[in-house]
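Below is one structure; the comments refer to it alone.
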Amino acid sequence: MKVFRTLPPSTRRNFFFLFLTGLCFWVSLTVLLPTLPLYIESLGANQQQVGLVMGSFAIGLLLLRGILGQWADRRSRKLVIQIGAIAVALAPFGYLTIPSLPILVVIRALHGISVAGMTTGYSTLVVELSPKEKRGELLGAMMLVLPMGMTLGPVLGGYIVEFAGYSVLFIVSGILGIFATIFASQIREVARSPSDLTRKKPLVALNSLARSLLKTFILTRSSELLQGRELRTPALTMLSVGIIFGTVTTFLPAFIRDSGANLNPGLFYLASALADFTVRGNVGRASDRFGRGIFVTGSLLAYLLAMIILINANTVPEFIIAGMAEGIGRSSLLTAMVALVADRSSASQQGQAFALCIGGFDLGLALGGPFFGSFAAFLNYRGIFSGAAIVALMAIGLFLTQSSKNISHSFRFATGRSKDIYALENHV
């Protein structure tokens, strides 16, 4: 892309290795999207237990994203990315060697640390490396690693299981994580002044880490950031989408199988990723020009459409169209929301702000599968996706009425007719 040609060679080099890191990371993670729920089911789990194991992924996210956000601000974005890469490399070997449901809950929670590290460190480092006037465009370009990973990963995972089995699947996922770790080591980061944590003796540092973990868990560090609508509404919006996404990833593979549609579940994610890939770069650039609000609103409408289609889906084309709608929603939401949070937070707080708002998604991811799984005996899959559609509708109402200082201004901002008064450059 032309925008990269305007950057210094050292910055282009960092973006290159950062992109390779993200691509290997997301392929490693997404080969498991259409396959892990069915693997858990093959061990004798019912739908409630599948939801519990899949939802435990978010435990690692919830516990450590806040801490890793602080580390990204105070210590090193690169370190946080490396933590994520190492976690994504190790977890698949755990699935391979310990096929026990209680242990899988623990391994799945540890796997969640990977996304906590990668998304927090990756986003903040891209923002740090990007000129302010090109921030949205570069975020859109660099975050293409997600749709590219989802283009390759789910389909690859489905076919690996079909032709080689789960053991080969987990080995491939782990090797891709190792490559992500190697590429992350090549990133050159601007040195930061040592934080209090790095200067402390080991036992004191460990105590500080434990206290930070407790504070993160009970959200005391986040309370100040949540007091205003600036970040509270984005966090709640991300919570809603997390519930929807957690529901889809938990129940979609079995739903497709039981529907009688002759479809590799990975092809749903392929359709999603191709739609994501098509619109993501344009969303970043357009949001720089037209504002972030209209693209967040559009993304929520796309999620609502995807759930409505899934409620009625019986054929391959219907599942594919639902996947495309979900991909459009995800691409618009992530690109616009990351830029929105960056606009509303200072450089010294961006890591914590990203951790807080994306942490809303993490909480939703933790709740979606177990919550709807607990009703699996009373609801069929279509009923579960009806519940997800209601969550999407509530998120639309929230953002249209609570994204700015009052309902009127919120509606104008959410529909692209007013500037973001909470953006630091517009705040008076």
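The structure displayed is predicted, hence computed values, not measured ones.
- For the atom pair D276 CG and L146 CG, the distance stands at 5.5 Å (nearest 0.5 Å).
- In this structure, the side chains of I187 and L125 come closer than 4.5 Å at one or more pairs of heavy atoms.
- The OG atom of S123 lies 9.0 Å from the CD1 atom of I81; values are rounded to the nearest 0.5 Å.
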Exercise for the section: Could you walk me through whether L18 and N14 pass side chain to side chain contact (heavy atoms under 4.5 Å, CB included), step by step? Expected result: CA-CA 6 Å; L18 190 57; N14 274 332; 5.8 Å; no
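- Note that the CG atom of L267 and the OH atom of Y159 stand 5.0 Å from one another [nearest 0.5 Å].
- In this structure the side chain of I243 reaches within 4.5 angstrom of the side chain of F372, judged on heavy atoms.
- With hydrogens and angles ignored, the 3.5 Å screen pairs no side-chain donor or acceptor of S404 with any backbone N or O of S410.
- Here the options are V31, V27, L270, T30, the test is side chain to side chain contact (heavy atoms under 4.5 Å, CB included), and the partner is L152; only V27 passes.
- Note on residues 234-274: pairs passing ring pair (Phe, Tyr, Trp, His ring centres under 6.0 Å), not counting sequence neighbours, are F245-F361, F255-F319, F255-Y381, F255-F385.
- The main-chain N or O of F170 is never found under 3.5 Å from a side-chain atom of S173 such that the two would form a donor-acceptor pair.
- Screening L104, L32, L90 for a side chain to side chain contact (heavy atoms under 4.5 Å, CB included) with H111, the sole residue that qualifies is L32.
- Note that CG of L239 is 13.5 Å distant from CZ of R232, once rounded to the nearest 0.5 Å.
- Considering every non-hydrogen atom in both T181 and A89, the closest pair reads OG1-CB, 4.4 Å.
- At least one donor-acceptor pair under 3.5 Å links the side chain of T124 to the backbone N or O of T120.
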Practice task
Could you go through the side chain to side chain contact (heavy atoms under 4.5 Å, CB included) check for M238 and L363 one step at a time?
Solution key: CA-CA 9 Å; M238 294 297 286; L363 180 59; over 6 Å; no
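- Aromatic ring pairs are classed by plane angle as parallel below 30°, tilted from 30° to 60° and perpendicular above 60°; the pair Y166 and Y39 is tilted.
- The minimum heavy-atom distance between E318 and T315, with the atom names listed, is OE1-N, 3.0 Å.
- Among all heavy-atom pairs drawn from T35 and G158, the shortest one is CG2-N, 4.0 Å.
- Of all heavy-atom pairs spanning G51 and T250, the tightest one is CA-CG2, 3.7 Å.
- Taking the charged nitrogens against the carboxylate oxygens, R292 and D420 have no contact shorter than 4.0 Å, which rules out a salt bridge.
- Here the side chains of L274 and M324 are not in contact, with every heavy-atom distance at 4.5 Å or above.
- Using a 4.5 Å heavy-atom cutoff, the side chains of Y303 and R330 are in contact.
- With S332 contributing its side chain and S299 its backbone, the two residues share no donor-acceptor pair below 3.5 Å.
- Within the structure, the salt bridge (charged side-chain N to carboxylate O under 4.0 Å, His left out) test picks out the following pairs touching residues 32-47 (sequence neighbours left out): E41-R257.
- With a 6.0 Å radius and a threshold of 12 heavy atoms from other residues, nucleotides or ligands, F17 has its CZ atom above the threshold.
- Between atom CD1 of residue I83 and atom CG of residue L68 there is a gap of 5.0 Å, rounded to the nearest 0.5 Å.
- If you check the side chains of Q402 and T233, you find no donor sitting under 3.5 Å from an acceptor.
- In this structure, the side chains of I308 and N312 come closer than 4.5 Å at one or more pairs of heavy atoms.
- Atom CG of N262 has 12 or fewer neighbouring heavy atoms from other residues, nucleotides or ligands inside a 6.0 Å radius.
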Problem - Derivation of the side chain to side chain contact (heavy atoms under 4.5 Å, CB included) call for M54 and L36 - result: CA-CA 8 Å; M54 293 297 291; L36 192 57; 4.1 Å; yes
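- Between the side chains of S386 and R382, not a single donor N or O lies within less than 3.5 Å of an accepting N or O.
- Separating the CG atom in L236 from the CG atom in L231 is a distance of 11.0 Å, to the nearest 0.5 Å.
- Shown here for L340 and P234, the closest heavy-atom pair between the two residues is CD2-CG, 4.1 Å.
- When side chains are defined from C-beta on, L252 counts as touching L310, because their heavy atoms get closer than 4.5 Å.
- A heavy-atom distance below 4.5 Å is not found between the side chains of F16 and Q186.
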Practice task
Could you give me the CA-CA distance, side-chain angles and deciding distance for L23 and F179, then say whether side chain to side chain contact (heavy atoms under 4.5 Å, CB included) is met?
Solution key: CA-CA 10 Å; L23 181 60; F179 276 112; over 6 Å; no
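- Other residues, nucleotides and ligands contribute only 12 or fewer heavy atoms inside 6.0 Å of the CZ atom of F411.
- Considering only heavy atoms from C-beta on, T249 stays 4.5 Å or farther from F57 through its side chain.
- Contact between A392 and I244 at its shortest, heavy atoms only, is CB-CD1, 3.6 Å.
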